[in-house]
Amino acid sequence: MVGAPSLEELTTPPIGACRQPVGIEVVVRSGVLGLGVAATGRLGLHHHSVAEARARDRDARFTYHLREVPAVQVTFWGTRGSIAKAGPSTLRYGGNTSCVELCSGAGTLVVIDCGTGAHGLGQDIATRGDGAPIVGHMLISHTHWDHIQGLPFFAPLFRPDNTWHIYGPRGLGSSLSDTLSGQMQYSYFPVSIEQLAAAVDYHDLVEGTFDIEEIRVDAHYLNHPALTLGYRLEVDGATVVYASDHEPHHRALAAGGDMDISRHDRAHAQFFEGADLLIHDAQYLADEYAGKVGWGHSTVEYVIDAARYAGVGQVALYHHDPTRSDDAVDAVVGLARAHAATSGYEGEIFAAAEGMQIELSGDQSQTDASSDTQPFATRKLAVHEVRRDVLMAVRSPEIAATLRAAAAAEGLDIWEAADPDTAMEIARTSNPAIILLEDDGNDDVYEFARAIRQLDRASDGEIGVIAVGGTPVSHLDDAHHWINDRLLWPSSAGYIRTKMHAWLLRRACRWQNAPLPPDEAQRMRSLRALGILDTEPEARFDQYTELASRSFDVPIALVSLIDEERQWFKSRHGLDATETPRDMAVCAHAILDDVVLQIPDALDDPRFADNPLVNDDPRMRFYAGVPLTLSDGSRAGTLCVIDYRPRLLDDGQLAELERLGSLVADELERR
């Protein structure tokens, strides 16, 4: 075998469409490898990083060896936020704005955001390989300038034999291509978007999942004054999450803390649960946040505590504030590590730097089946069929004026109500898409929201109830069940527009989420008191699903318990999944009444025709579910049967399903 290569040779990018080395493991025995990277890690570094490490610590000793493992490679090309900042104070971490490259072991090329850092990436791609055409994929988080300004300067888009797929959040009235073309209008740039020589396909996204070659991508809305998506990419057994431009939902969490105090922040952390690498906006420190509220960015303390909650392996602090010098970013890393030591986060923490490369080699035997039941991010929404009206029930003239301006900017029709009785009458007769309620500190807003929920069952889709003002409620607080979202005050018109935008897009899905039952708070207490959620399978429940499958000649039978944000299967016959999100659970509809819910053909039912459980596995056509009613009257879930073909149970079969459901309900309380 030829002698071992030098460290420089190991870190020299190979020729190819993706800069993809073969499983290089670099172990630092002593000294610090620069750029804020932890002292031991799986890293591939450009020359300047190695030179800097030696300059910082002349006694650093490096050992290395090659291992042939499929590696996911992540390269940072732009790490700055808000505006590019070139100059002597940003040499180490870089001054270009957001751009990250991900290459899979198979060579699939994904570019995440296209800030000014994309210029260097494009030039680099042009030097790779033998000049063969390139197929690439670009994920845009949102269309603020610092995330798209590199697009007109990205060389691979101007080569005629290349093919690029560009993905980004869809709007209500304009497509992604329309939005991106705005910065390339004649007044701003000499080349129009139509003059891009490559074959470019645009893909409008909403929340959900889709595939890029062998890469599974989950898209998740972030909290920013523009409609923004974070991306979770799973490939080769490794998971990388990109969450740039996100502000804590609960403002108290800017100083760090338990994500469980806010259901929205908890959901954000769950989005990157178990990730090997989390690339997260960390533009501010907690002591800076008071002057940055509403700007749409995270604090370092929030990111570290969210990473701890989610069990993340490595955190790359990202979207550095343009006012921070390299030394200031070093100080941020030190603060982050100190906070991690205090809060108990044990993963690696570093600041993303231009030119930094990270290799991840995951366990390919580990697969995440949960994403198989997520809605498709690329699905076509019935946007033009969605009502675009909003009811404002607010007293404050300042709040009313801001809400009115935001709704008008989104092209929404506005109803205004000066008192609760008028608001309820408008809600009952006009069924607005969104209701904005002012929370002035008493319980009236929750009682009104609860009354609105009573109307949902007769509506043509769930009403988005958003509280304005007040403070966030814990997900353990009964009041939160009646409020879908919250706008803390003061809040900018941009934030308000984004919230309205997201709610209308969710409403545009052509399946209907089940409204919350009137007794939801008590129902959840009763369900939790059973102590049965997330327990192991038991024969005493499996006997009923097996019997139901035989008795009704169906391939699938389930004991489904409706948790706060999911349906979880205590027993499942004929189905591999252990749970699905609640918003697509047909059983969540079944617990709204005390009789069997029967759906002869889901494709003919507008409530379920586009539900992912109908259009994708398990491709449900027939459903019948009997509520599992506990002794206090709460409906914990259902015993349900599912078939791939249209069906209809007769009266005798319905009676038998009710009998079996009663036995299962008794068994639930026999612990």
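Worth knowing before you read on, the calculation uses all heavy atoms, side chains too, and leaves out hydrogens, waters and symmetry mates.
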Do you see a donor-acceptor pair shorter than 3.5 Å between the side chains of D330 and Y93? yes
With rounding to the nearest 0.5 Å, note down the distance linking OH in Y345 to CG in D305. 11.0 Å
Does the side chain of F272 come within less than 4.5 Å of T239's, by heavy atoms? no
Side-chain (D218) to main-chain (R232) donor-acceptor, under 3.5 angstrom: no
Any side-chain heavy-atom pair of Y242 and L278 under 4.5 Å: no
Hey, could you give me the CD1/CE distance between I496 and M500, rounded to the nearest 0.5 Å? 6.5 Å
Which atom of A226 lies closest to which atom of H144, heavy atoms considered: CB-NE2, 3.4 Å
May I ask you to say whether E564 pairs ionically with R266, meaning some side-chain N is under 4.0 Å from a carboxylate O? yes
Please test W77 against D124 for side chain to side chain contact (heavy atoms under 4.5 Å, CB included), starting from the C-alpha separation and ending with a verdict. CA-CA 10 Å; W77 293 92; D124 192 83; 3.5 Å; yes
Carboxylate-amine/guanidinium contact R566 E579, below 4.0 Å: yes
Show the nearest heavy-atom pair for residues A353 and F76, with the distance to one decimal. O-CB, 3.3 Å
Taking the side chain as C-beta and beyond, is there a heavy-atom pair between P322 and Q283 under 4.5 Å? yes
Considering all heavy atoms of both residues, which atom of G78 and which atom of Y318 are nearest to each other, and what is their separation? O-OH, 3.2 Å
What pair of heavy atoms forms the shortest contact from A336 to V300, and how long is it? CB-CG1, 3.4 Å
Are side-chain N/O atoms of Y302 and D265 paired as donor and acceptor at under 3.5 Å? yes
Approximate separation, where rounding is to 0.5 Å, of M584 CE and Q567 CD: 9.5 Å
Taking C-beta and beyond as the side chain, do E565 and P581 meet within less than 4.5 Å on heavy atoms? no
Taking the six-membered ring for Trp and the single ring otherwise, decide whether the centroids of H246 and H268 are under 6.0 Å apart. yes
Should D113 and H142 be marked as a side chain to side chain donor-acceptor pair (under 3.5 Å) after you check the CA-CA gap, both sets of side-chain angles, and the distance that decides it? CA-CA 8 Å; D113 270 342; H142 64 300; 5.2 Å; no
Crowded around I83 CD1? As in, over 12 foreign heavy atoms under 6.0 Å? no
V111/C99 under side chain to side chain contact (heavy atoms under 4.5 Å, CB included): CA gap, chis, key distance, verdict: CA-CA 7 Å; V111 177; C99 184; 3.9 Å; yes
Quick check: does any side chain N or O of T299 sit under 3.5 Å from a backbone N or O of Y284, one acting as donor and the other as acceptor? no
Could you tell me whether the side chains of E247 and Y289 share a donor-acceptor contact shorter than 3.5 Å? yes
Which atoms form the tightest heavy-atom contact between Q123 and A155, and what is the distance? NE2-CB, 4.0 Å
Verify side chain to side chain donor-acceptor pair (under 3.5 Å) between S82 and D146, making sure each step is shown before the conclusion. CA-CA 5 Å; S82 301; D146 53 329; 4.8 Å; no
Do R308 and E346 come close enough that some side-chain heavy atom pair is under 4.5 Å? no
Should the pair R324-D321 be classified as a salt bridge under the 4.0 Å nitrogen-to-oxygen rule? no
Could you walk me through whether S104 and E214 pass the side chain to side chain donor-acceptor pair (under 3.5 Å) test, one step at a time? CA-CA 8 Å; S104 72; E214 77 282 14; 2.4 Å; yes
CA sep, side-chain torsions, deciding dist, call: T79, E354, side chain to side chain donor-acceptor pair (under 3.5 Å): CA-CA 6 Å; T79 62; E354 285 184 34; 4.9 Å; no
Flag for Q149-T116: side-chain donor and acceptor within less than 3.5 Å: no
Centres of the Y167 and Y202 rings: under 6.0 Å? no
Could you check, using the six-membered ring where one of them is a Trp, whether H250 and H264 have ring centers closer than 6.0 angstrom? no
Approximate separation, where rounding is to 0.5 Å, of I112 CD1 and L233 CG: 5.0 Å
For A338, give me all partners under side chain to side chain contact (heavy atoms under 4.5 Å, CB included), at least two apart in sequence or on another chain. none
Search all heavy atoms of A282 against all heavy atoms of L317 and return the closest pair with its distance. CB-CD2, 3.9 Å
In the structure I gave you, are the side-chain heavy atoms of M356 and F350 within less than 4.5 Å of one another anywhere? yes
Point-to-point distance, once rounded to the nearest 0.5 Å, from OG of S325 to CZ of R92: 8.0 Å
Would you please indicate if the ring centroids of F271 and H220 are separated by under 6.0 Å? yes
Residue of the set H249, H297, H147 for which ring pair (Phe, Tyr, Trp, His ring centres under 6.0 Å) holds with H224: H297
Distance, nearest 0.5 Å, that separates CG of D534 from CG of D563: 7.5 Å
Heavy-atom donor-acceptor pair, H280 side chain to H319 backbone, under 3.5 Å: no
Would you check if Q73 and Q357 make a side-chain contact, meaning some heavy-atom pair closer than 4.5 Å? yes
Would you say the side-chain atoms of S298 pair up with the backbone N or O of V303, donor to acceptor, closer than 3.5 Å? no
Pair L277-V312, side chain to side chain contact (heavy atoms under 4.5 Å, CB included): steps then yes or no: CA-CA 7 Å; L277 172 64; V312 169; over 6 Å; no
Should the ring pair H119 and F153 be called parallel, tilted or perpendicular, given that the plane angle runs from 0 to 90° and is split at 30 and 60? perpendicular
Salt bridge or not for R337 and E301, using N-O below 4.0 Å? no
Residue of the set D245, T228, D281 for which side chain to side chain contact (heavy atoms under 4.5 Å, CB included) holds with S141: T228
Report the C-alpha separation of D236 and S361 in whole Å, then their side-chain angles, then the decisive distance to 0.1 Å, and conclude whether the side chain to side chain contact (heavy atoms under 4.5 Å, CB included) test is met. CA-CA 7 Å; D236 298 334; S361 296; over 6 Å; no
Report yes if some heavy atom in the side chain of D276 is under 4.5 Å from a heavy atom in the side chain of V240; otherwise report no. no
